[in-house]
Amino acid sequence: MAVSPTTSPLSGLPRRLVQDGIAPEETVLQALQNSKADPAGFLAYLVSRNLADSRQIAIAAASEFGVPLLDIDALETDLEAVKSVGRQLLSRHRVLPLALRSKRLFLGMADPTNITAIDEIKFQTGFRIDPVVVEFDKLDQLVAKSLEAVDTSMSNMVDDDFDLESLEVTSGDEEATDDPNKDDVVDAPVVRFVNKVLLDAIKRGASDIHFEPYEKHYRVRTRLDGVLKQVASPPVALSSKVVARLKVMSRLDIAERRLPQDGRIKMRLSKNRAIDFRVNTCPTLFGEKVVLRILDPSSAKLGIDALGYEAIQKQHYLDALAKPYGMILVTGPTGSGKTVSLYTGLNILNTEYRNISTAEDPAEINMPGVNQVNVNPKVGLTFAAALRAFLRQDPDVIMVGEVRDLETAEIAIKAAQTGHLVLSTLHTNDAPKSLTRLVDMGVKPYAIASTVSLIIAQRLGRRLCENCKEIKDIPEEALLQEGFSRDEVQGGLRIFGPVGCRFCTDGYKGRVGIYQVMPITDSIQRIILEGGSSREIAEQAAKEGVWDLRRSALQKVKDGITSLEEINRVTID
């Protein structure tokens, strides 16, 4: 009921709520009494108990005090504005910086009469504060979400379960004995910031971390399930200190800023768990960009069944691994999971009866029982030199990180011809092109035909979250254009798509391999010897039932493992 302002003990927003009939006076008085200890508790009390509508409260507040009303559903969060105010102030007062224009900070508030919040934020930032009314329940959710988004920023750093400053961090160099945590090159806040970013990336299951300097800003991104996403934006003035800290951790030359450098970091989280990072620096226009690859030793121990091979593809791979000699090639772009595929095969072969040696640049996965060598061209330890040494050490299985040149290719093929099983990678788009790529390098066609036994081309696609994926209604003609057959489309085909929930990232969680597994049959050997093209090889492989990458991707969609949008991102029709 409406009350007279002369008789009511209420004032400000509470009085307006009673006057507009949004909440009874008794309810408002009780809410005020029960929320004295919390400045934002009055509205929280009303909204959480469904005693008043959040939208009506916002309209009343905007009308009463002449403050603009904004629907924050249509607003993109300005992380720079959020980071301009201390985390504790935002959490305590439940307000959110919406935009920063010169020295004016537009502050989202459910109660614009909260002068305490305005004064404290004005004092901390030195900005002029312009309040904007927003709905309390939406604001409350967005404050929590925004604080989480900037959780890795310098000013809002909080400790997790780990003591960030006492983490044991060493380089990958066993000869290094100094503790980089004791180096005075960088400040303690920068040390904590870098450690926090690395820990968050590990916890989220990221594969890479990018530290990127630009003229007017500095950003940190992580690659999660194959997609880069910004996680922090520290002040650009700190870029050199962040790079210095990363160089200290990986034992790189801090004074050298003109040339790329490679290093390695080992971060020990506990007595039983350590994470390795492969580090590369590269000079750019506005400083050095640093990229860290997170190396997960457990990924090679998942087993072949967890990688996503179809039954016939898995059998082809196992058959090739069972042969005493020959060459298995895995091809695909950087980050497509080639190393994991190779190490999964090595894990199957890794018994006390076999001598296994690998040459890599550098070794990404540590596997006990396998003799691993990091190539070092600076001192003459190339892939070719390592292979020559392996052949003098009674090998059974040899793995070469990458066939980059004719010399390496010829030695690897000779090893495969003389009774050794050789595994390696190439950078080509699909399996048939790998064979013609070897010819382009200068390898003789007869040598290729007699040694290569299997080629695996692969990509990685994001898995749909099992908790929230939903069936999509897609027209039949569109499905036919994507590559499905008419029988599949008319046979009750169900296509799932991403939704997004608290268990996943944008509707996806984890990744799955998409493969083209092509055995080198007699017919394909004949095409190679006759100098045939990759198209002819692909056509023959298709006749023999080999799925190309697109067909394999469509099967993953048909099985409900991934979405059409995702396979269109990683494969072509």
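Note that these values count all heavy atoms, side chains included, but never hydrogens, waters or copies made by symmetry. Quantities reported herein were computed from a predicted structural model and do not represent experimental measurements.
- Between the side chain of Asn355 and the backbone N or O of Asp394 there is at least one donor-acceptor pair closer than 3.5 Å.
- At least one donor-acceptor pair closer than 3.5 Å links the side chain of Asn350 to the backbone N or O of Pro368.
- A 4.5 Å side-chain heavy-atom check between Ser450 and Gln417 finds at least one atom pair inside the cut-off.
- Electrostatic pairing of Asp305 and Lys314 counts as a salt bridge here, judged by a charged N lying under 4.0 Å from a carboxylate O.
- How far OG1 of Thr436 is from CZ of Arg535: 12.0 Å, rounded to the nearest 0.5 Å.
- We find that Arg526 and Asp522 are not joined by a salt bridge, their nearest charged nitrogen and carboxylate oxygen being 4.0 Å or further apart.
- Rounding to the nearest 0.5 Å places NE2 of His427 at 4.0 Å from CD of Glu402.
- In this structure a side-chain-to-backbone donor-acceptor pair under 3.5 Å is missing from Glu539 to Glu536.
- Shown here for Ser453 and Ile328, the closest heavy-atom pair between the two residues is OG-CG1, 4.1 Å.
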Atom pairs and distances, donor-acceptor, side-chain atoms in residues 281-292, under 3.5 Å, two or more places apart:
from	atom 1	to	atom 2	distance (Å)
Thr281	OG1	Gln261	N	3.1
Thr284	OG1	Gly287	O	2.5
Glu288	OE1	Lys247	NZ	2.8
Glu288	OE2	Lys247	NZ	2.9
Lys289	NZ	His210	ND1	3.3
Lys289	NZ	Glu212	OE2	3.1

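- The side-chain contact (heavy atoms from CB on, under 4.5 Å) check on Glu470 picks up Lys472, Val499, with sequence neighbours excluded.
- One finds the CG atom of Leu198 at 4.0 Å from the CZ atom of Phe277 (value rounded to the nearest 0.5 Å).
- With a 4.5 Å cut-off on side-chain heavy atoms, Lys509 and Asn467 do not count as touching.
- In terms of heavy atoms, Leu406 sits closest to Gly442 at CD1-C, 3.6 Å.
- Across Lys469 and Gly560, no two heavy atoms sit closer than the pair NZ-O, 2.7 Å.
- Inter-residue side-chain proximity for Met267 and Leu199 is flagged as met; some heavy-atom pair is nearer than 4.5 Å.
- Judged by distance alone, the side chain of Gln525 and the main-chain N or O of Ala449 form a donor-acceptor pair under 3.5 Å.
- Legend: residues meeting side-chain contact (heavy atoms from CB on, under 4.5 Å) with Gln540, ordered by chain and number and at least two apart, are Ser523, Ile524, Ile527, Lys543, Glu544.
- Separating the CE atom in Met399 from the OG1 atom in Thr425 is a distance of 8.0 Å, to the nearest 0.5 Å.
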Kindly indicate, with the supporting measurements, whether the criterion salt bridge (Lys or Arg N to Asp or Glu O under 4.0 Å) is fulfilled by Asp200 and Lys196.
CA-CA 6 Å; Asp200 281 352; Lys196 176 68 174 176; 3.7 Å; yes
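- Between the side chains of Arg550 and Thr571, at least one donor N or O sits under 3.5 Å from an acceptor N or O.
- For OH of Tyr446, the number of neighbouring non-hydrogen atoms (other residues, nucleotides, ligands) closer than 6.0 Å is 12 at most.
- The nearest pair of heavy atoms linking Gly401 to Ser424 is C-OG, 4.4 Å.
- When all heavy atoms of Ala409 and Val403 are compared, the closest pair comes out as CB-CG1, 3.5 Å.
- The stretch residues 406-420 participates, sequence neighbours left out, in these salt bridge (charged side-chain N to carboxylate O under 4.0 Å, His left out) pairs: Arg388-Glu407.
- Side-chain contact between Leu426 and Leu438: present, with at least one pair of heavy atoms (C-beta onward) separated by less than 4.5 Å.
- For the side chain to side chain contact (heavy atoms under 4.5 Å, CB included) with Thr358, the qualifying choice from Val370, Asn371, Leu423 is Val370, the only one to do so.
- Every residue meeting the side-chain contact (heavy atoms from CB on, under 4.5 Å) condition with Gln490, not counting sequence neighbours, appears here in chain and number order: Glu476, Arg486.
- With sequence neighbours left out, the salt bridge (charged side-chain N to carboxylate O under 4.0 Å, His left out) criterion links Asp225 to no other residue.
- With hydrogens and angles ignored, the 3.5 Å screen pairs no side-chain donor or acceptor of His316 with any backbone N or O of Pro519.
- Under 3.5 Å, the side chains of Gln458 and Ser341 contain a donor-acceptor pair of N or O atoms.
- Contact annotation: the side chain of Leu391 approaches that of Ile411 to within less than 4.5 Å [non-hydrogen atoms, C-beta and beyond].
- Applying the salt bridge (charged side-chain N to carboxylate O under 4.0 Å, His left out) test to every pair with at least one member in residues 431-451, sequence neighbours left out, gives these pairs: Asp430-Lys433.
- In this structure, Ile294 and Ile209 have side chains that are in contact, with non-hydrogen atoms separated by less than 4.5 Å.
- Applying the salt bridge (charged side-chain N to carboxylate O under 4.0 Å, His left out) test to residues at least two apart or on different chains, the pairs with a partner in residues 556-571 are Glu310-Lys556, Arg462-Glu566, Glu488-Lys558, Glu566-Arg569.
- Of the possible polar contacts, none joining the Thr562 side chain to the Val557 backbone as a donor-acceptor pair under 3.5 Å is found.
- Listed by chain and number, the residues in a side-chain contact (heavy atoms from CB on, under 4.5 Å) with Asp262 are Asn280 (sequence neighbours excluded).
- Atoms NZ and CG, from Lys338 and Leu460 in turn, are 9.5 Å apart once rounded to the nearest 0.5 Å.
- The shortest side-chain heavy-atom distance between Leu421 and Leu349 falls under the 4.5 Å cut-off.
- Every pair passing ring pair (Phe, Tyr, Trp, His ring centres under 6.0 Å) that includes a residue from residues 506-543 is listed here, sequence neighbours excluded: Tyr309-Tyr515.
- Sorted by first then second residue, the side-chain hydrogen bond (donor to acceptor under 3.5 Å, both in side chains) pairs that include residues 325-335, not counting sequence neighbours, are Thr331-Thr428.
- Ser250 places a side-chain heavy atom less than 4.5 Å from the side chain of Ile265.
- From Leu454, atom CG reaches atom OH of Tyr317 across 8.0 Å, with rounding to the nearest 0.5 Å.
- Under the ring pair (Phe, Tyr, Trp, His ring centres under 6.0 Å) criterion, no residue pair touches residues 372-400, with sequence neighbours excluded.
- Among all heavy-atom pairs drawn from Ala385 and Gly380, the shortest one is CB-O, 3.6 Å.
- Using modelled atom types, one finds a donor on one side chain and an acceptor on the other under 3.5 Å when comparing Asp405 with Thr408.
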